[in-house]
Every structure is written in structure tokens, then in C-alpha cells.
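In what follows, a single structure is set out as C-alpha cells and then discussed.
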Amino acid sequence: MDHTASDSASGTLQLSIVIPLYNEVDNIDPLIAELETALAPYDGGYELILVDDGSRDATFERLREHAARLPHLRLARFGRNYGQTAALSAGFHMARGQVVVTLDGDLQNDPRDIPALLAKMQQGYDVVSGWRRKRKDTFMNRTLPSRIANWLISRITGVHLHDYGCTLKAYRREVLARFELYGQLHRFLPALAVWSGGRLAEIEVNHRARQRGRTKYGIGRTFTVILDLGTVKFLTSYGAHPIRVFGAAALASVVLGLGSLVALVVMKSVQGVDMTGNPLLYLTMLGVILGVQFLLMGVIAEMLTRTYHEAQGKRPYVVVERVN
Ligand code: UDP
Ligand code: MG
């Protein structure tokens, strides 16, 4: 992929920039100005997709004014606040470019980093993720939890990144089309991309302190991210075969139950311990009941994955290339 004038003239759109905005009215003018400057070399080959995530200030009115003079500025507005992931996802569905770049709308990400991201993509990567090496956020409730989260996500997914939380990333659009996003899942896209066979790179990007408007998040996001990590791990490791997880748990429970049953009988016949007074009796019951429950849950989960894939015409694998 290259960004020559002939390419854009032939009508293939190279680049879609997707930005979520929630109550960012004061950032709109400088954001669009900085983007237009940074993207001037790609003239005619890019579109800006700005998604208003149910702002209660004049964000959308301001956006509309810009759209009236910029034909490559495309807008979407949510009627209420659905969250950053949903806003990004809406933008992904609108995107027509071969490469999709996401960034925050508060100017903490620097549009001047976009060319470097694209240059890296040209080396044959499917996702290029920004790394805010010198992060300009408060330490205790941002930078520190994020360090821990990055370490944990890298460990658990096996996909190592310094900075999962950085919104400034570039994706090949086909990669995005593979996933529907829920919760805070957008930050796990690099892991999902790699899991589906994509190539991932990371480059250092600039990060700036917020000048206007306010942050939308507190420490609470850390917990959402951890829960979503559980979902991602389950989906990527066992999504196609839930019975393996539940089946293992069922087996462990039943073994525990039957083991304590044997102990019960031995204690009764050898030592004459009353079975009714023996706490192992409860363990036996618990183990067997849990085992049956786990097994049934596994069967239900297996049926759900089939419904999930078949109802959406999805396959449990991803073909990255086909010839003829
Ligand atoms: N955002 C959004 N919906 C939300 C929360 C945030 O669209 O519910 C946008 C917000 O306008 C900004 C980006 O997501 O463009 C990142 O949000 P923020 O700057 O508050 O996060 P932080 O940089 O503090 O992590
Ligand atoms: Mg921010």
C-alpha cells in the first residue's frame, strides 16, 4: 500500500481516522486543525470519522459546522453515552479506508505520529500500536494501574505490548471486521488480531497532557479492563471449545467427590467412624453435584458457541489469505 496521488485518484481510499468524542467541544477546533495539517500529504486519500458518544455539550453542533466545509469529515452521533468502545466500533463500521487509525479526541495523542504509524504498517503489519513511553497522566490512578494492567494483559494473552491502553493505533480494516466489540474490548484488539493470525508491531508515540475538557475515567476502569481480560482469555483460548474448560472442572469436582466417598467408606469400615457425623459426606455431595453442574454448563456453552457462530455466519477460524 502506498499513498501516491494516483492511488487516491483511482478512488481507493487509503486511510480512515476514527475518533470517539464525549463532551469535547473545546477540543474540536484544534483537533481538526491538527489533523488536517498532519494529514495534508495524504490529500484526497483519507477520511475523518468522528463519533459523538452522546455528548451533552455542543460537541456535535461544532462538528457539524466543520463537516459543512470538509467533505471528507464524516460524523455519527449516539443518542446517549454508550462508551468509548461502542463509539470506536461505530466508526469502524463506517470506515472505508484500507487502514484505520484510531486516536483520542482530547489531543492527548498527537496526530503528527500518524505518518510513522502508517510507515510501520507498510512493512507488512496488520496492527501497529502506539506506546506512550513518556505518559502525561497522573501517576497513582493512571500510570501505575496501567503498568500493572499492561503486564497482566501481556502475561495472560501472551501478546506483549507496553501500552494496551493507548488509543493511537493503526489497523488493517479486514482485521477489525473480524470482531464485534463489547465493554472495554477495543484495547484488546491487538491481542485479538494476533490470535486471529495478524502481525503486530509497537512504536513509540508522543503523549501530551490534557489541555481542555475533563477525563471521563477514574480508577474504576481498571476493574472493567480486568473483567474484559477474562472474557478475551476465555474467547481466545476456549471460545470454540468451552466443554474443555467446564469438562475439566467437572472432572476435578467428581474426582474430589468420589475420593472423599472412598475415604468415608474406609473410615467407616476400618475405624468405625459414623458416616453421618463425618464432614467428608458434605464434600462428597458437593463434589458430585458441582461435577454434574459443570458438565451441563459445558454442554450448554457448546450449544451457545454453535448458535453464536452459525447465527452470524461466523467461522471458528480466520482465513487471512486466499488465492484464486
Ligand atoms: N470517550 C468517549 N466516550 C466515553 C468516554 C470517553 O467517546 O464514554 C472519548 C473521549 O472523548 C476521548 C477518549 O474517549 O476522546 C478518551 O477519553 P479520556 O481522555 O477521558 O480518557 P483518558 O485519556 O483519561 O484515559
Ligand atoms: Mg485523554
Side-chain angles (χ1 to χ4, degrees), residues 16-35 38 48-63 66 73-95 100-111 113-114 129-150 153 161-169 181-189 205-228:
S16 300
I17 309 285
V18 173
I19 304 179
L21 295 158
Y22 181 47
N23 295 339
E24 304 283 5
V25 63
D26 294 326
N27 284 313
I28 306 276
D29 295 352
L31 175 68
I32 291 179
E34 283 197 24
L35 284 165
L48 302 177
I49 300 178
L50 270 54
V51 181
D52 175 11
D53 185 12
S55 296
R56 273 160 295 186
D57 64 5
T59 295
F60 199 73
E61 285 68 34
R62 189 66 59 84
L63 287 173
H66 285 281
L73 174 58
R74 303 172 64 211
L75 307 177
R77 183 170 73 86
F78 284 159
R80 71 164 170 88
N81 180 237
Y82 284 94
Q84 193 182 349
T85 299
L88 286 168
S89 175
F92 294 160
H93 283 289
M94 288 170 70
V100 178
V101 169
T102 57
L103 66 159
D104 281 341
D106 58 359
L107 288 166
Q108 289 200 263
N109 295 135
D110 190 339
D113 284 320
I114 295 174
S129 185
W131 171 17
R132 300 163 293 177
R133 188 158 200 175
K134 304 195 186 75
R135 212 174 146 171
K136 302 287 169 21
D137 279 318
T138 50
F139 184 76
M140 274 319 272
N141 66 350
R142 270 307 150 72
T143 313
L144 182 66
S146 136
R147 284 251 177 92
I148 300 171
N150 283 313
I153 298 172
L161 276 186
H162 291 97
D163 194 2
Y164 268 92
C166 181
T167 310
L168 182 55
K169 294 187 172 96
L181 302 178
Y182 302 90
Q184 283 280 325
L185 276 196
H186 71 268
R187 66 183 55 233
F188 297 106
L189 273 169
V205 295
N206 188 17
H207 192 241
R208 307 179 289 192
R210 208 186 231 278
Q211 303 289 331
R212 303 168 204 83
R214 309 178 50 198
T215 175
K216 311 300 180 300
Y217 298 107
I219 189 78
R221 178 171 59 186
T222 314
F223 300 105
T224 336
V225 169
I226 301 291
L227 290 179
D228 283 347

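Order of listing sets the numbers, starting from 1, for every ligand and every atom in it.
Rounding to the nearest 0.5 Å places OG1 of Thr85 at 4.5 Å from NE2 of His186. Considering OG1 of Thr143 and NZ of Lys134, their distance stands at 14.0 Å, rounded to 0.5 Å. Atom OH of Tyr22 sits about 10.0 Å away from atom OG1 of Thr59, to the nearest 0.5 Å.
For Asp106, the N/O/S atom at the shortest distance from the Mg ion (ligand 2) is named OD2.
With 2.8 Å as the limit, Gln108 counts as an N, O or S neighbour of the Mg ion (ligand 2).
Between Glu24 and Arg62 there is no salt bridge, since none of the side-chain N atoms of the basic residue sits less than 4.0 Å from a carboxylate O of the acidic one.
Side chains of Leu168 and Arg132 form no contact here, defined as non-hydrogen atoms less than 4.5 Å apart. Residues Arg135 and Gln108 fail the side-chain proximity criterion, which asks for heavy atoms closer than 4.5 Å.
In this structure, His162 and Trp131 have parallel ring planes: the angle between them is below the 30° cut-off, well short of the 60° mark.
Each of Pro20, Leu21, Tyr22, Glu24, Asp53, Asn81, Gly83, Gln84, Asp104, Gly105, Asp106, Gln108, Arg142, Arg210, Thr215, Lys216, Tyr217, Arg221 has a non-hydrogen atom positioned under 4.0 Å from some atom of ligand 1.
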